[in-house]
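I have placed the structure first, in the form of structure tokens, so that the comments after it can refer back to it.
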Amino acid sequence: MVSGEWFSFTIHHLPFTILHSPFAIKKEMDYKPREIEKKWKQWWNENQVYKVSNKSDKPKFYVLDMFPYPSGSGLHVGHPLGYIASDIYSRYKRMSGFNVLHPMGYDAFGLPAEQYAIQTGVHPAKSTAENIDRYRAQLDNLGFSFDWSREVQTCDPQYYKWTQWIFLQLFNHWYNNESDKATPIEDLVGIFETKGNEQVNAANSQDGIFTADEWNAMDAKSKSDVLMNYRLAYRKTTFVWWCEELGTVLANDEVKDGVSDRGGFPVERKPMLQWSLRITAYAERLLNDLQEVDFSDAMKKMQGNWIGRSEGAQLFFNLSPALPKGEGDGTSLPPLEGAGERLEVFTTRPDTIFGATFMVLAPEHDLVKEITTPDQQKEINEYLSFVNTRSERDRISETKEVSGAFTGAYAINSFNGAKIPIWIAEYVLKDYGTGAIMAVPADDERDRRFAEKFDIEIIEIIDKSMHPGASIEDKKGKMINSDFMNGMEVLDAIEAILQKTEEMGIGKRQVNFRLRDAIYSRQRYWGEPFPIVYDESGIAHALPIEELPLELPKSEDFKPASGNESPLARVKDWVNLPNGWKRETDTMPGFAGSSWYFLRYMDADNDQEFASQEALNYWQDVDLYVGGTEHAVGHLMYSRFWHKFLYDKGLVPKKEPYKKLLNQGMIQGVIESMYLLKKKINGDSKFVCAKLAKQMGITDYVQIPVLIDYVVNYGSPESYLNTAAVKKFMEWRPEYADAIFECSKGTFHKGVFTPKGDATESHLFTFSEVGKMSKSKFNVINPDDVVEQYGADTFRMYEMFLGPIEQAKPWDTKGIDGVSKFLRKLWSMFFDANGHFTVSDETPTKGEMKTLHTCIKKIKEDIERFSFNTCVSGFMICVNELRSQNCNKRAVLEPLVKLIAPFAPHLAEDLWHSLGHDSTVCLADFPVLDESFLVEDSIPYPISINGTKRDLIEFPANATKDELKKMALELESVQKWIDGKTIRKVIVVPKRIINIVVV
RNA sequence: GCCGAAGUGGCGGAACUGGUAGACGCGCUGGAUUCAAAAUCCAGUUCCCGCAAGGGAGUAGGGGUUCGAUUCCCCUCUUCGGUACCA
């Protein structure tokens, strides 16, 4: 550019440019990302650009990332995907006039650090701190705009003080179903003292009813036991998932497919005394309030299914003792007392009662012992021991095969006096409903299988002939063989029987949830200690707030203890208090700290409260929460539950913690593996080429994952190892130093390649598949390496460019060159070949302004709908167009720099300062769209004949429909197609298309 | 099995409310520059027929609604995610 142009600008227009004549700035001509990134990161840091205040005139906006668990392997390229998206959004909002809270922290308690400690002896506190340092360095490398002054670590006593405090609040409350909110436990004591528990409508696990007198007569321990059954955090013996390998109990969502989610170890059902949280009290609200939040339908569905609400009825059946063979009415049943006298089942289809030809109890059901007749005792015992040997995996894998045993006892159908035999079977679960069902083989698939196997009568009760193809769930058909319901439609019959059973006092409407209370105890060291002490009689007492945080003792002995004991039990001087009381030795689970961390960021240093009311009222809730779907039923449910509890207490202003949830897809890795023959050849291992292995049976070989760095063309079907790679592989895995490597080109053995034909080197095909990026698959790509080569801005934009944020996709470094090239092009628009700053203050052309404003419109719209991949292509189009226009005008380039600042902040900051600014681009105003630049004089109209495009013609933008129609029909290209035909119709869609229909 | 999401060139993907299918990028092909390479720049690139002009087909497959369908409806197939004796 000619430098003379620089002095023609008007000074009031852009006053600062005078300070920077083109001669004053001498830049390196090339874009050097690593240099400028280092420089501006430091500058941002020194100037505390990202620090955010709780006081502002601007509207608030809270952008939250799911904080990471700092694992030993560090971040891989998949982790930052969500962080980049949220960072772009935060920066965009900040520039658009919002006071943006965008914090980061660490979910630092958990099993892996402890497993690592057991293997290596390194204390979890130490390894966790080291991992956090590493994560921080990796995160810093990517230029995120986090306000680190608000960092939280869940293992920090100043943080978990409040985790413990919230736990104690849960401990000190019960759930009142009448007012539908959590209520202080003192209130409940007051009710018990005056009225007993009969009138209390609470979420509870209490069996039986007591009067005020009975309550008042109880000793302290009994009272404490009763109250425990009402608390929101309670201790009870329940069947829990026990993982022997991990030495701890696990929650429902930590068990998948019958094995532990972490580590994949077997789990078993076991009755244990454990702390639990009564999340079931909130089931209905957790379900209903999903309507208010902006989560994906898939996410809502997942949570809805997990909660699993079903409407039905609770029905009671009188029991009948089985008559001993060949005798009169002598009974072998002991008299039952209290509620146990009747069998209680849950069913969604009370209308089918006349088809109930047997009852099934869960094997663990309390009644089993009491009702089993002597004749059947042996059979029942055998079945119970069979059930005991079955792992959860067995039960899951054999869902088609039914098994069971007859107790010898009967239930009575109150409507017709029919005697219904009572069985026990694995397929009925102790946990769900009442742990007992009435089985209707005519109308239930499992019940039918069972009846067929054990030759039990099947009574058809619904005539579905009018509804061919309708499933059982459709609830269609006419009742038959059903006494007073005969002829009714199913839905009417359900209503009729519900009324009747309620009148007769043998049943009532009931809603059931699949959701279980959350087991909250872990027999581990590396977690929050419970702020609970037990007195001599075993009554649990809350620690007073002054004693919080109850710090985790600095034990070096964190190995799992024998039996069900927790490692903390061995720290005797910590457990045993001077007054003879004992501390709880279990620790809290991983989800404890993560259930409320987003609130702590609002006021992270507060040592008086978990966060001040002022801060909570300012920030309110999370506007945008970005994270993976894997937390759908765990973390998200727990934190919504805790938040609702705090809301009941008036401690947080909103019912729901997260307004909008964005789920980023997983970035997967490519797993490359080699085929190792199971059979050794003369004592040596042998690997064969993937193409050879395909011809063999799957049982002949095992797949050995190989470090992807060695593989040529990794990720493609043509991936292979050449001779050099095979050598590297042998160095890496010395146990295979003497192995034979056979491929179609020849055989490699002990450093010698024996070719088949004239091949010169080995060409050992490997097998490629897309899968999880993980240390054990040797396919981890460290973002640091990519950043080192291309720079953080390129990395950020490339990750966004890969595809829609919500979609899973495999990492592929090919293609990053395109983004890198784009940023260099953008850079080069500001400098000439000699590195002179060449931005001019000339007035831009209409075309240049149109290009700019088209881009502004696109970027703004696309950021707002989280379509970051199309933003990147929008920038590319803009830069390509401006370059073809040879644009170097400040009035275009300066807004462009601001536009791209959320995506490539380092580059933008550098150019921004080159443009003469002293303040940061991060807080500059985001460019505003001026539609007037987008107005067109003419519009290209596709002309189609019968829906097929035949021409593309520019017509004046202000032409009327009739004019357009006339002009279109006159076109030569149109005449050709309509010649000799009849025009049926001409459709003119202004600004879109003209379609001519001919016959 | 049930629930949910998706299926578009050689590849990643675009087309937001039914209106030019394949934007943008990678890769590939040709050319310029260079002693040469890298880098850069220019041109081309859905498939089929054709030198071309042009024509035909085409968004997993089949059917439908419509002047017009990647988009809406029905059926089938495939892939991914969730969940699973839930009564």
Side-chain angles (χ1 to χ4, degrees), chain A residues 30 256-257 296-306 308-310 312 345-349 352 360 362 395-396 398-402 425-429 431-440 443-447 449-450 471 473 512-515 629-630 632-633 663 665-666 668 715-716 770 798 801-804 806-810 812-819 821-822 824-825 828 858 861-862 864-865 867 869-878 880 883 940-952 984-989 991-998:
Chain A
D30 292 337
K256 292 210 167 105
D257 301 327
S296 70
D297 289 345
M299 175 62 67
K300 288 185 181 183
K301 203 90 194 178
M302 254 189 256
Q303 294 203 359
N305 288 343
W306 189 257
R309 183 181 196 275
S310 58
V345 305
F346 174 73
T347 177
T348 53
R349 297 293 302 277
T352 60
V360 188
R395 289 183 73 157
I396 286 168
E398 278 178 42
T399 55
K400 290 279 171 278
E401 189 65 23
V402 285
E426 221 178 31
Y427 81 83
V428 172
L429 308 175
D431 275 348
Y432 187 76
T434 59
I437 62 162
M438 62 176 209
V440 184
D443 211 46
D444 183 282
E445 183 48 39
R446 294 153 318 177
D447 296 346
R449 282 203 306 271
F450 194 90
S471 73
E473 288 77 39
N512 234 313
F513 293 94
R514 201 193 80 112
L515 184 72
T629 33
E630 66 272 23
V633 293
N663 295 117
M666 220 192 330
Q668 296 145 312
S716 83
V770 170
Y798 181 57
F801 193 52
L802 277 175
E806 303 203 63
Q807 193 173 302
K809 53 228 153 196
D812 179 6
T813 313
K814 291 194 295 285
I816 195 169
D817 284 330
V819 175
K821 203 187 288 180
F822 154 72
R824 287 203 300 273
K825 278 189 197 171
S828 73
K858 169 116 185 122
E861 284 174 1
D862 286 3
E864 277 169 9
R865 64 188 178 105
S867 176
N869 56 329
T870 52
C871 285
V872 178
S873 70
F875 281 123
M876 288 173 169
I877 292 166
C878 179
N880 287 344
R883 275 163 60 92
Y941 277 91
I943 316 288
S944 40
I945 314 290
N946 290 345
T948 308
K949 183 185 145 202
R950 294 297 174 187
D951 208 345
L952 184 68
R984 269 282 183 79
K985 216 181 206 178
V986 179
I987 288 113
V988 178
V989 185
K991 297 190 162 91
R992 288 277 187 210
I993 202 168
I994 298 168
N995 190 19
I996 300 163
V997 187
V998 296

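Values reported hereafter were calculated over all heavy atoms of this structure, with side chains retained and with hydrogens, waters and symmetry mates removed. Every chain is numbered from 1, with letters handed out A, B, ... down the list of sequences. Just so you know, these numbers come straight off a predicted model, no measurement behind them.
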### Message
Categorize A:Pro804 for me: base, sugar-phosphate, or nothing, with a 4.0 angstrom heavy-atom threshold over every strand shown.
### Response
sugar-phosphate

### Task
Return the nearest nucleotide to the side chain of A:Gln807; candidates are B:G25, B:G13, B:G19.
B:G13

### Message
Partner lookup for B:U78, please. Criteria are Watson-Crick or G-U wobble with both distances under 3.5 angstrom; report none if nothing qualifies.
### Response
B:A6

### Query
Under 4.0 Å between a side-chain N or O of A:Asn869 and OP1 or OP2 of B:A14?
yes

### Query
Which part of the nucleic acid, if any, lies within reach of A:Val989 when heavy atoms closer than 4.0 Å are counted: base, sugar-phosphate only, or nothing?
base

### Query
Considering only side-chain heavy atoms of A:Lys858, which listed nucleotide, B:C24, B:C16, B:C85, is closest?
B:C16

### Message
Looking at B:C35, which nucleotide sits across from it as a Watson-Crick or G-U wobble partner, both distances under 3.5 angstrom, or is there none?
### Response
none

#### Entry: Between B:G68 (P) and A:Ile943 (CD1): distance, integer Å
17 Å

### Query
In whole Å, what separates the P atom of B:A15 from that of B:A38?
35 Å

### Task
Using atom types as modelled and distance alone, determine if a side-chain donor or acceptor of A:Tyr941 lies under 3.5 Å from a backbone N or O of A:Lys991.
yes

### Message
Can you tell me the base-pairing partner of B:U45? Count Watson-Crick or G-U wobble geometry only, both distances below 3.5 Å, and say none if there is no partner.
### Response
B:G27

### Task
Could you tell me whether a side-chain N or O of A:Gln303 sits under 3.5 Å from a main-chain N or O of A:Ala632, the two making a donor and an acceptor?
yes

### Query
What integer number of Å spans the P atoms of B:G9 and B:C48?
14 Å

### Query
Quick check: does any side chain N or O of A:Asp447 sit under 3.5 Å from a backbone N or O of A:Val440, one acting as donor and the other as acceptor?
yes

### Task
Considering non-hydrogen atoms only, spot the tightest contact between A:Val998 and A:Asn946 and give its length.
N-OD1, 2.9 Å

### Task
Send over the distance from A:Leu515 CG to B:A84 P, rounded to a whole Å.
13 Å

### Query
Distance only, no hydrogens: is a donor on one side chain within 3.5 Å (strictly under) of an acceptor on the other, for A:Asn995 and A:Lys985?
no

### Nucleotide nearest A:Lys825 when distance is taken to its side chain, options B:C41, B:A87, B:A23
B:C41

### Summary
Across every strand shown, the nucleotide meeting Watson-Crick or G-U wobble geometry with B:U17 (both distances under 3.5 Å) is none

### Task
Would you classify A:Leu429 as touching base, sugar-phosphate or nothing, given that sugar-phosphate means primed atoms plus P, OP1 and OP2, and contacts are heavy atoms under 4.0 Å?
base

#### Entry: Whole-Å gap separating P (B:U66) and CZ (A:Arg984)
13 Å

#### Entry: Mate of B:U66 where both pairing distances stay under 3.5 Å, Watson-Crick or G-U
none

### Task
Nearest whole angstrom, please: distance from the C1' of B:G27 to the CZ of A:Phe801.
13 Å

### Interatomic distance at C1', B:C41 relative to B:U79, whole Å
42 Å

### Task
Could you work out which one of B:C85, B:U20, B:A87 sits closest to the side chain of A:Pro940?
B:U20

### Task
Using the C1' atom on both, measure B:A21 against B:U8 and round to a whole Å.
8 Å

### Task
Tell me whether the OP1 or OP2 atom of B:C67 has a side-chain N or O from A:Lys985 closer than 4.0 Å.
yes

### Task
Choose from B:G13, B:U20, B:C26 the nucleotide whose nearest atom is closest to any side-chain atom of A:Lys949.
B:U20

### Task
State which of B:C86, B:G19, B:G13 makes the closest approach to the side chain of A:Arg514.
B:C86

### Query
Given B:C86, is OP1 or OP2 found less than 4.0 Å from the side-chain N or O atoms of A:Arg446?
yes

#### Entry: Nucleotide nearest A:Ile987 when distance is taken to its side chain, options B:C86, B:C3, B:C67
B:C67

### Query
Which whole-number value in Å describes the distance from A:Ile437 CD1 to B:A87 P?
10 Å

### Task
Return the 5'-most residue of the pair A:Gly433, A:Gly947 with respect to RNA chain B, ranking by each residue's nearest nucleotide.
A:Gly947

### Task
Verify the distance criterion only: is there a donor paired with an acceptor across the side chains of A:Asp443 and A:Thr352 at less than 3.5 Å?
no

### For B:G22, the Watson-Crick or wobble counterpart (both distances under 3.5 Å)
none

### Task
With a 3.5 angstrom cut-off on both distances, give the Watson-Crick or G-U wobble partner of B:A52, or none if there isn't one.
none

### Query
Within the pair A:Arg824 and B:C41, is there a side-chain N or O less than 4.0 Å away from OP1 or OP2?
no

### Task
Write down the distance separating the P atoms in B:C72 and B:A5, rounded off to the nearest Å.
11 Å

#### Entry: Nearest non-hydrogen partners of A:Arg349 and A:Met438, listed with the distance
O-CE, 3.6 Å

### Query
Which part of the nucleic acid does A:Arg309 contact within heavy-atom distance under 4.0 Å: base, sugar-phosphate only, or nothing?
nothing

### Query
Between atom CH2 in A:Trp306 and atom P in B:G4, what is the gap in whole Å?
19 Å

### Message
Taking only the P atom of each, what is the distance from B:C80 to B:C75 in whole angstrom?
### Response
23 Å

### Query
Closest to the A:Lys821 side chain: B:C16, B:U40, B:C24?
B:U40

### Message
Taking only the P atom of each, what is the distance from B:G56 to B:C24 in whole angstrom?
### Response
26 Å

### Task
Could you point out which residue of A:Ile994, A:Leu952, A:Ile993, A:Val997 forms a side chain to side chain contact (heavy atoms under 4.5 Å, CB included) with A:Ser944?
A:Ile993

### Task
Report which part of the nucleic acid A:Asp817 touches: base, sugar-phosphate, or nothing (heavy-atom distance under 4.0 Å, all strands).
nothing

### Separation of B:A23 C1' from A:Phe875 CZ (nearest whole Å)
16 Å

#### Entry: Glycosidic conformation of B:G9, taking syn as within 90° of 0 and anti otherwise
syn

### Query
Taking CG from A:Asp812 and P from B:G25, how many angstroms apart are they, rounded to a whole number?
17 Å

### Query
What interatomic distance, in whole Å, is found between C1' of B:G25 and the corresponding atom of B:C77?
32 Å

### Query
Of the candidate nucleotides B:C85, B:C67, B:A87, which contains the atom at the shortest distance from the side chain of A:Asn995?
B:C67

### Task
Please determine, for B:G1, whether a Watson-Crick or G-U wobble partner exists with both distances under 3.5 Å, and give it or none.
B:U83

### Query
A:Tyr432 or A:Arg865: which one's nearest nucleotide on RNA chain B is closer to the 5' end?
A:Arg865

### Task
Determine whether A:Thr629 and A:Met666 make a side-chain contact, defined as any pair of heavy atoms from C-beta on separated by less than 4.5 Å.
no

### Summary
The nucleotide from B:G25, B:A87, B:U83 with an atom nearest the side chain of A:Val428 is B:A87

